[in-house]
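Residue numbers start from 1 in every chain, and the chains themselves are labelled A, B, ... in the order their sequence lines are given, proteins ahead of strands.
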Amino acid sequence: MRYCQETGTLARVDQLTDTVYSFTIEAPQIASLAQCGQFVHVLCEPFMLRRPLSIAGFDKEAGTVRIVFEVRGKGTAWMAALKEGDAITLNGPLGHGFPLLDPDKKAVLVGGGIGTPPMMPIARHYGQNATAISGFKTASAVILQEDFEAFGVRTVLCTDDGTAGQKGFTTDALETVLTEGAADVVYTCGPKVMMKRVAAVAKAHGVPCYISMEERMGCGVGACFGCACKTKTKDGGTTMTRVCLNGPVFDANEIDWEG
Amino acid sequence: MADMRVNIAGVEFKNPVIAASGTFGYGLEYNEFYPASRLGGVVCKAVTLEERLGNPGPRIAETPAGMLNSVGLQNPGVDIFIKRYLPLLRRQDVAVIANVAGHSLDDYVATTAKVSDAGVDMVELNISCPNVKEGGMSFGTSCESVEAITAAVRAVCKCPLMVKLTPNVTSIAEIAKAAEAGGADAVSLINTITGMRIDIRTRRPILKNNIGGLSGPAVLPVAVRMVRDVYKAVSIPIIGMGGISTEEDAVEMMLAGAAAVQVGSATFHDPYASIKIIEGLQAFADSQRLSSITELTGAVQEW
């Protein structure tokens, strides 16, 4: 079995900011199968479509998975109203996750806003050999910095307005980090415009870069072609590739950023 | 126990619940949840003569009680479908229906010839896709073109031919009659209803294609009414679809005149939707002491 539907119990709810929530869900089957960078498809009972959310953490022994999401619309607002002890139904773990190197390699993680959570399982894997660069609009939107530090990861915090950490973009911080010391791999998730720039900076430094794409999804398992994004083919052309099945993680070189 | 088998145009289905085209891939994507052999049939994602990349994203938007899609017939082309996907699905004990789309009449004819030669139980002629600029729905909105394309495809199709009808017409009953006159062995309806959603902050349509096709529970009563209209107008069997997500919905559709049903976007909400509908239909038929599920077809008593 690669994935399943599982109705778990919402074991812990933490509200991280005005609009961002962390759910720890007892879902032992999904936890046992989960890998870094995969996602779960969350049933929002009153709504037609499930919400795809990246796995922000999993504990195979405790049988839990963690998701961190932002309230953006009706579905996520419905989720945010769930309470500890409530049932929550997930399909997962879905998609292809981040390729991981040996934990003694140097990894740089670049998360933008609500793209930060999927960096967490990677941070755990690399521990002190990882640098986590996180960018947010302002201090009140900052999330997960203590979690990264708990893994022994070096954190670099950026805000657009300078109210927390350094003022400026994650991509500038990435340039500095890669200039200061060699890295073996870069991972990123966040706004497309940020990931495009992250990919360019990594490429300029000759470092492989893996990105996690976001797209509106239908089925989550490759059946409907609803979530396709534009990718490059080996012969120099472009094609449309299903984010749910072939992604959400792609080698940055595969993405056609104009698409 | 009531007999759940249905026979449509000579094709045997072990139960009347069929996965709808475009929502069930090539029949194996849901294998982690259950084997396709639990279903009565599977209609594959539409195939065209050549590969098609479909429309740019976003291709999906949620709506009240439904969703819009503007996938635009993305598929690898009929040759790869036959080589890579069809043999795997053929190994499952389930009726296989190929959904054929195209740019031109010649495309439809050539693609149908290839899939029916390769061996499928039935062809579903897709002249109702709202998401492509050429072909697709434009063939399905006038009686003359429906009859002409049905006849042309019928001539090369070695298996029963079902024509999938668009609801985006003045009289779907007249279109169904044209399909019957062209030699269709069955009709399926409804494809999606064209719709649009707008992001009020950006003032942009949510779909990059601007418009898409509406499916989901919102369209069920429209579909039931149209199946009823078509049932009165033609004598060939009808496979009803549009917003079915429970066994009650399936019973309604059959009472209106459907010999079987297709389940589509409900599978996105619950991957087990079709399985629950099959089990629910059996329980309903038994509670009504039916000897065969076919007794429901067209059995509505109109006022």
Participant: List the residues meeting side-chain contact (heavy atoms from CB on, under 4.5 Å) with A:Thr17, not counting sequence neighbours, and say none if there are none.
Facilitator: A:Thr19, A:Val20, A:Ile143
Participant: Which region of B:Leu28, side chain (C-beta onward) or backbone (N, CA, C, O), has a non-hydrogen atom less than 4.5 Å from a non-hydrogen atom of chain A, or is it both or neither?
Facilitator: neither
Participant: Between these two chains, chain A and chain B, I want each donor-acceptor atom pair under 3.5 angstrom written on its own line with its distance.
Facilitator:
from: A:Arg2; atom 1: N; to: B:Glu32; atom 2: OE1; distance (Å): 2.7
from: A:Arg2; atom 1: NE; to: B:Glu32; atom 2: OE2; distance (Å): 3.1
from: A:Arg2; atom 1: NH2; to: B:Glu32; atom 2: OE2; distance (Å): 3.3
from: A:Tyr3; atom 1: OH; to: B:Glu29; atom 2: O; distance (Å): 3.0
from: A:Phe47; atom 1: O; to: B:His269; atom 2: ND1; distance (Å): 2.8
from: A:Met48; atom 1: N; to: B:Glu62; atom 2: OE2; distance (Å): 3.3
from: A:Met48; atom 1: O; to: B:His269; atom 2: ND1; distance (Å): 3.2
from: A:Leu49; atom 1: N; to: B:Glu62; atom 2: OE2; distance (Å): 2.8
from: A:Arg50; atom 1: NE; to: B:His269; atom 2: O; distance (Å): 2.8
from: A:Arg50; atom 1: NH2; to: B:His269; atom 2: O; distance (Å): 3.0
from: A:Arg51; atom 1: NH1; to: B:Glu62; atom 2: OE1; distance (Å): 3.2
from: A:Arg51; atom 1: NH1; to: B:Glu62; atom 2: OE2; distance (Å): 2.9
from: A:Arg51; atom 1: NH2; to: B:Glu62; atom 2: OE1; distance (Å): 2.7
from: A:Ala223; atom 1: O; to: B:Gly25; atom 2: N; distance (Å): 3.0
from: A:Phe225; atom 1: O; to: B:Arg59; atom 2: NH1; distance (Å): 2.6
from: A:Met240; atom 1: O; to: B:Gln74; atom 2: NE2; distance (Å): 2.7

Participant: Quick one: of B:Gly54, B:Pro271, B:Gly216, who has the most non-hydrogen atom pairs under 4.5 Å with chain A?
Facilitator: B:Pro271
Participant: For A:Met48 and B:Pro217, which heavy atoms make the closest approach, and how far apart are they?
Facilitator: SD-CD, 3.5 Å
Participant: Heavy-atom pairs under 4.5 Å with chain A - which of B:Pro64, B:Gly22, B:Gly57 has more of them than the others?
Facilitator: B:Gly22
Participant: Please classify the contact of A:Cys4 with chain B as side chain, backbone, both or neither, using a heavy-atom distance under 4.5 Å.
Facilitator: backbone
Participant: Can you tell me if CD on A:Gln15 sees more than 12 non-hydrogen neighbours from other groups inside 6.0 Å?
Facilitator: yes
Participant: Please say whether more than 12 non-hydrogen atoms of neighbouring residues, nucleotides or ligands are located less than 6.0 Å from CZ in A:Phe169.
Facilitator: no
Participant: List the atom of A:Cys224, the atom of B:Ile60, and the distance in Å for their closest heavy-atom pair.
Facilitator: SG-CD1, 4.4 Å
Participant: Using non-hydrogen atoms only, which part of A:Leu43 is less than 4.5 Å away from chain B: side chain, backbone, both, or neither?
Facilitator: side chain
Participant: Count the heavy-atom pairs under 4.5 Å between each of B:Gly66, B:Pro56, B:Ala218 and chain A, then report the option with the highest count.
Facilitator: B:Gly66
Participant: Please flag which part of B:Phe33 lies under 4.5 Å from any non-hydrogen atom of chain A: side chain, backbone, both or neither.
Facilitator: side chain
